[in-house]
Q: 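Following this message is one structure expressed as structure tokens.
Counting from 1, the numbers follow the sequence of the chain as shown.
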Amino acid sequence: MDGILTPRESARFIAENSQDVFIDGAGVRSVAELLLAKASGPDLRVAGWKTLHELNPKSADEAAVNWVFVTDTLNFSFWSEHDEHKCLVGYKGKTYSGYWSLCAAVNRALDEGIPITSASYYATVTLEQVQHIFRSDTDVLMPLIEDRHRILNETGKILLEKFGGSFLNCVQKSEQSAQKLMHLVVESFPSYRDITEFEGKRISFYKRAQILVADTWSVLEGKGDGCFKDISSITMFADYRLPQVLLHLGALRYSDELLKKLLKGEMLSYGDKQEVEIRGCSVWCVELIRDCLLELIEKKGEKMSEEINAILLDYYLWDYAHDHRAKMNGIPFHRIRCIYY
């Protein structure tokens, strides 16, 4: 898309012009040192996507790719107004919240014989059917359910028209280029166009498009159609949880004014200057953490079997945020309701 900065260019530009969000160099280094201990283990490997997460598909076939496409098409806005009162989905004896409640609901639907990952089904699925598929075990519904319904219909129709109903066809058109796939997704599917403005420039984050590329790479184990030669060009996925963990770990700092606003639970809007600064500085912060980590690995003289990229750091830090939720209680996340993250 002409005249729009890429996610990486956008992040750098925002970080250089930010007034309420700051990257802390010492914090960047301490996060890189924390990650260094994980560098040679399973946590920073593409295989971890399958081995560390029970709800993710274990196969590397067309059905698994279509599962990834549906979950990432709906991968937005899971936070609850109150921690003790949230949307929960029970599946195979466990209860899931947040993004995992979506994955559990998709798997539950498939087990019930509902073809939720088939474009010909979700192109015409009704709101009532969507409400049933993503039903909660509590009286708190999954947020933005009408948007989820609309996006499923829209995306399903486009997938049928342009790609024969299978996301694998879209992946194959990208000729093993992560950037080409990301742009193909953004150009083809309107709900993936995570574009706004900052200081007179058109900027992009493409959070869901990038996570879709990353999860496709992961589900295909970086092989065959998923062997993207430029996978390291994908940045981290600018959402509301990653900035929170970067703040907790001391790699990001907020101005007093922004911190007060977030602690009060004030809602931000998509494209607000402060919201853009939080997302952009988070992306650039992870770029700097990765560079620092690669330097530390080189200094140690370790030989890595695969390159550590921003995707693997995002996966790890997102899981870290999930596992250390209690410790991060006093650290606010920015509250926003939108379809982009």
Q: When rounded to the nearest 0.5 angstrom, what is the spacing between CD in Glu287 and SG in Cys292?
A: 13.5 Å
Q: Would you call the rings of Phe13 and Phe198 parallel, tilted or perpendicular, taking 30° and 60° as the class edges?
A: perpendicular
Q: If two hydrophobic side chains count as joined below 4.5 Å and joins carry through other members, does Tyr270 share a cluster with Val21?
A: yes
Q: Once rounded to the nearest 0.5 Å, what's the spacing between atom CG of Asp319 and atom CG of Leu52?
A: 7.0 Å
Q: So does Lys229 have more than 12 non-hydrogen atoms from other groups sitting under 6.0 Å from NZ?
A: yes
Q: Taking atom NZ of Lys299 as the centre, report whether more than 12 heavy atoms of other residues, nucleotides or ligands fall under 6.0 Å from it.
A: no
Q: Would you please say whether a donor-acceptor pair under 3.5 Å links the side chains of Trp67 and Asn56?
A: no
Q: Does one side chain, of Ser255 or Gln19, offer a donor that lies under 3.5 Å from an acceptor on the other?
A: no
Q: Can Glu266 and Arg335 be counted as an ion pair, charged N to O under 4.0 angstrom?
A: no
Q: Looking only at atom types and distance, does a side-chain atom of Asp314 sit under 3.5 Å from a main-chain N or O of Ala310, one as donor and one as acceptor?
A: no
Q: Using a 6.0 Å cut-off, check whether atom CG of Asn329 has over 12 heavy atoms from anything other than its own residue.
A: yes
Q: When you check the side-chain N and O atoms of Tyr91 and Glu54, is any donor under 3.5 Å from an acceptor?
A: no
Q: Answer yes when Arg150 and Asp147 have at least one side-chain N-carboxylate O distance shorter than 4.0 Å, and no when they do not.
A: yes
Q: May I have the step-by-step check of side chain to side chain contact (heavy atoms under 4.5 Å, CB included) for Asn153 and Thr124, ending in yes or no?
A: CA-CA 6 Å; Asn153 284 172; Thr124 57; 5.6 Å; no
Q: Hey, are Thr73 and Arg148 close enough side-chain-wise for a donor-acceptor pair under 3.5 Å?
A: no
Q: Donor-acceptor pair, Tyr240 side chain versus Phe78 backbone, under 3.5 Å?
A: yes
Q: Hey, are Lys157 and Glu161 close enough for a salt bridge, meaning a charged N less than 4.0 Å from a carboxylate O?
A: no
Q: Rounded to the nearest 0.5 Å, how far apart are SG of Cys87 and CZ of Arg135?
A: 11.5 Å
Q: Kindly indicate whether a cation-pi arrangement holds for Arg279 with Tyr341, taking the cut-offs as under 6.0 Å to the six-membered ring centre and within 45° of the axis.
A: yes
Q: What's the spacing between Ile195 CD1 and Tyr340 OH if we round to 0.5 Å?
A: 8.0 Å
Q: For the residue pair Arg337 and Trp79, would you count it as a cation-pi contact if the rule is NZ or CZ under 6.0 angstrom from the ring centre and within 45 degrees of the ring axis?
A: yes
Q: What is the distance from atom NE2 of His334 to atom CE of Met267, rounded to the nearest 0.5 Å?
A: 10.5 Å
Q: If you measure only the distance, is there a donor-acceptor pair under 3.5 Å linking the side chains of Thr155 and Tyr122?
A: no
Q: Strictly below 4.0 Å, N to O, side chains only: are Glu277 and Lys273 in salt-bridge contact?
A: yes
Q: Does a side chain donor of either Ser269 or Glu275 reach within less than 3.5 Å of an acceptor in the other side chain?
A: no
Q: Can you confirm whether Glu128 is buried at CD, in the sense that more than 12 heavy atoms of other residues, nucleotides or ligands lie under 6.0 Å from that atom?
A: no
Q: Cut-off 3.5 Å, side chains only: do Thr126 and Gln129 have a donor facing an acceptor?
A: yes
Q: Between Tyr206 and Ile4, is any pair of side-chain heavy atoms under 4.5 Å apart?
A: yes
Q: Just how far is it from atom CG of Asp323 to atom CH2 of Trp318, taken to the nearest 0.5 Å?
A: 9.5 Å
